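Structure first, commentary second.
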Amino acid sequence: MEKRRSEMRTFFSIITLCALMAFAAAAEKKKIVCYYGNWSFYRLGDGKFDIAHIDPTLCTHMIYGFIGISTDGSIKVLEPWLDLPDNWGKNGFGRFNALREKSPSTKTMIGIGGWNEGSVKYSEVVSNPDTRAKFVENVVVFLKKYKFDGFDIDWEYPNQRGGKPSDIENYVALLRQLKDAFKKDDFILSATVTAAEAPASISYNISEVSKHLDLINLMAYDFHGAWEKSTGLNAPLYKSSVETGYDAKLNVDSCVQYWLDQGASAEKLILGTAFYGRSFTLANEEDHGIGALAPEAGLPGPFTREPGLLAYNEICVNIASGQWTEVFNEEQYAPYAYSARQWVGYDNVKSLTEKAEYIKRHKLGGAMLWSIDTDDFHGKCGEKYPLLKTLNSVLRSGAMA
Ligand SMILES: *[C@@H]1O[C@H](CO)[C@@H](O)[C@H](O)[C@H]1NC(C)=O
Ligand SMILES: CC(=O)N[C@H]1CO[C@H](CO)[C@@H](O)[C@@H]1O
């Protein structure tokens with residue numbers, strides 16, 4: 001009898017322990033914000049990506065990019081044939097949002113802006129209180145009409161590229177008004193922002209911006225690329241010991257520290273990661289380290305067809321073929337690879353594992369990824385979605401099956 005009672009006690013303390021562990025794990029769960037670029041639909045061959053390829057269980061939030069703005073404060077659907085259901089359209093918005101049926105806790109959002117939209121129209125709309133208010137109203141109507149859970153503003157960037165100094169304050173006013181207008185329906189408000197100190201300090205009053213946003217997606221990548229004349233890593237976690245001055249700030253850690261120092265709240269910061277690399281053509285094939293002379297962009301990949309850029313699903317096939325040599329730089333904690341005069345700096349499972357651990361150590365809100373359509377979604381180099389699954393396994397390890 002005594003023995004039985006002590007067994008029961010052990011049994012119940014194990015149950016309690018399990019419950020506590022489950023609770024701690026749930027509290028640890030981080031956000032994974034998956035950005036999807038509509039233009040991936042036009043890639044060739046195995047690069048062609050359709051909404052049906054998305055596994056929504058791997059994302060807590062998914063953002064559809066992009067819609068545009070007009071100077072009168074209205075919203076522009078940029079690709080009606082692809083986005084809308086009318087006139088035999090592909091119903092992109094509808095199919096994207098329907099992914100929630102497979103993963104009911106996943107939130108879907110619409111992104112406005114992006115690089116190609118520029119900055120001038122945004123600057124104009126927010127400068128005038130009337131067009132700004134009208135824009136806010138239009139956003140709410142849009143979210144309801146197409147049934148999104150939230151809105152991401154990807155204005156690249158306030159007070160840059162044709163914007164003006166008053167953008168900094170007007171941007172805060174816009175976010176405040178959007179957040180206010182979203183309360184009734186509990187819509188999520190996020191912004192995708194330039195991360196490095198020099199451009200961020202031109203565009204944002206960080207402590208004010210942080211008050212109104214639910215999520216701040218830090219574009220912590222594009223630190224080096226073919227706009228420079230020597231090789232450098234796209235999104236290194238840390239600086240290298242040979243970097244000095246501003247170069248030493250072009251890394252993930254410096255950007256995160258800057259945003260935290262400026263008053264961004266850690267749990268709102270979503271660390272953006274790149275599912276692509278930046279590529280170069282070397283001057284000399286024997287000289288292939290970091291900082292090697294590279295006068296030209298790397299050759300375009302078969303899917304993305306853009307000089308100076310390679311998608312992860314292009315890079316991993318190159319490496320698997322044995323024709324490229326991969327090197328992991330331990331100091332900056334990122335890989336690069338080269339073949340003859342071609343060179344690319346990118347992220348892989350090892351570097352993303354460490355970025356995800358960094359997110360946990362610094363108690364950030366989670367990870368964003370640009371973009372879901374350039375992961376190895378067909379599993380050409382192993383299992384499907386290796387990069388996205390890496391983020392999930394570190395950041396959502398407490399997820400209950
Ligand atoms: C940000 O805005 C607040 C409130 O308007 C102001 O007090 C502060 O000086 C601004 N900070 C910067 C860095 O401009
Ligand atoms: C298919 C496609 O490319 N659609 C749109 C996606 O969003 C961009 C804006 O960044 C538009 O220019 C495209 O037309």
Side-chain angles (χ1 to χ4, degrees), residues 31 33 69 73 111-113 115 117-137 139-140 150-183 187-223 239 244-272 358-359 362-366 368:
K31 298 183 174 75
V33 180
I69 202 171
I112 196 167
W115 182 261
E117 266 272 290
S119 179
V120 176
K121 290 181 292 173
Y122 293 81
S123 177
E124 264 183 56
V125 168
V126 301
S127 301
N128 175 334
D130 294 333
T131 50
R132 193 169 68 217
K134 216 175 132 209
F135 175 63
V136 170
E137 272 173 42
V139 171
V140 173
F151 184 67
D152 180 62
I153 177 147
D154 193 0
W155 170 3
E156 299 193 8
Y157 312 98
N159 192 26
Q160 294 189 56
R161 304 180 67 209
K164 46 185 179 290
S166 60
D167 290 350
I168 300 174
E169 266 179 58
N170 293 333
Y171 182 65
V172 173
L174 171 68
L175 298 182
R176 185 189 306 116
Q177 285 169 276
L178 282 169
K179 187 66 196 158
D180 235 38
F182 284 7
K183 275 201 186 109
F187 290 134
I188 303 159
L189 179 61
S190 72
T192 295
V193 297
T194 183
E197 177 176 335
S201 66
I202 296 172
S203 290
Y204 315 113
N205 181 325
I206 290 176
S207 58
E208 289 297 306
V209 161
S210 175
K211 279 183 198 162
H212 307 299
L213 290 169
D214 299 308
L215 311 172
I216 305 169
N217 302 314
L218 274 187
M219 291 192 274
Y221 37 72
D222 295 337
F223 294 126
K239 76 180 184 75
T244 55
Y246 191 67
D247 281 345
K249 295 188 175 182
L250 295 177
N251 57 74
V252 169
D253 181 48
S254 291
C255 294
V256 169
Q257 291 306 332
Y258 174 72
W259 280 75
L260 291 173
D261 290 348
Q262 294 295 308
S265 52
E267 72 275 10
K268 291 182 178 184
L269 278 186
I270 308 295
L271 179 62
Y358 180 99
I359 288 166
H362 292 82
K363 303 193 161 38
L364 308 183
M368 179 270 272

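Each ligand, and each atom within it, is numbered from 1 in the order the structure gives. From a predicted model like this one, the values you see are computed outputs, not experimental measurements.
Between Glu137 and Lys134 no salt bridge is recorded (no basic side-chain N to carboxylate O distance below 4.0 Å).
The salt bridge (charged side-chain N to carboxylate O under 4.0 Å, His left out) test applied to Asp247 returns no partner, not counting sequence neighbours. Applying the ring pair (Phe, Tyr, Trp, His ring centres under 6.0 Å) rule to Tyr171 yields the partners Trp155, Tyr204; only residues at least two apart in sequence or on another chain are considered. The side chain to side chain donor-acceptor pair (under 3.5 Å) check on Thr192 picks up Asp152, Asn217, with sequence neighbours excluded.
To the nearest 0.5 Å, atoms CG (Asp214) and CD1 (Ile188) are separated by 7.0 Å.
The protein residues lying under 4.0 angstrom from ligand 1, judged by non-hydrogen atoms, are Asn205, Glu208.
No donor-acceptor contact under 3.5 angstrom links the side chains of Thr131 and Glu124, judged on distance only.
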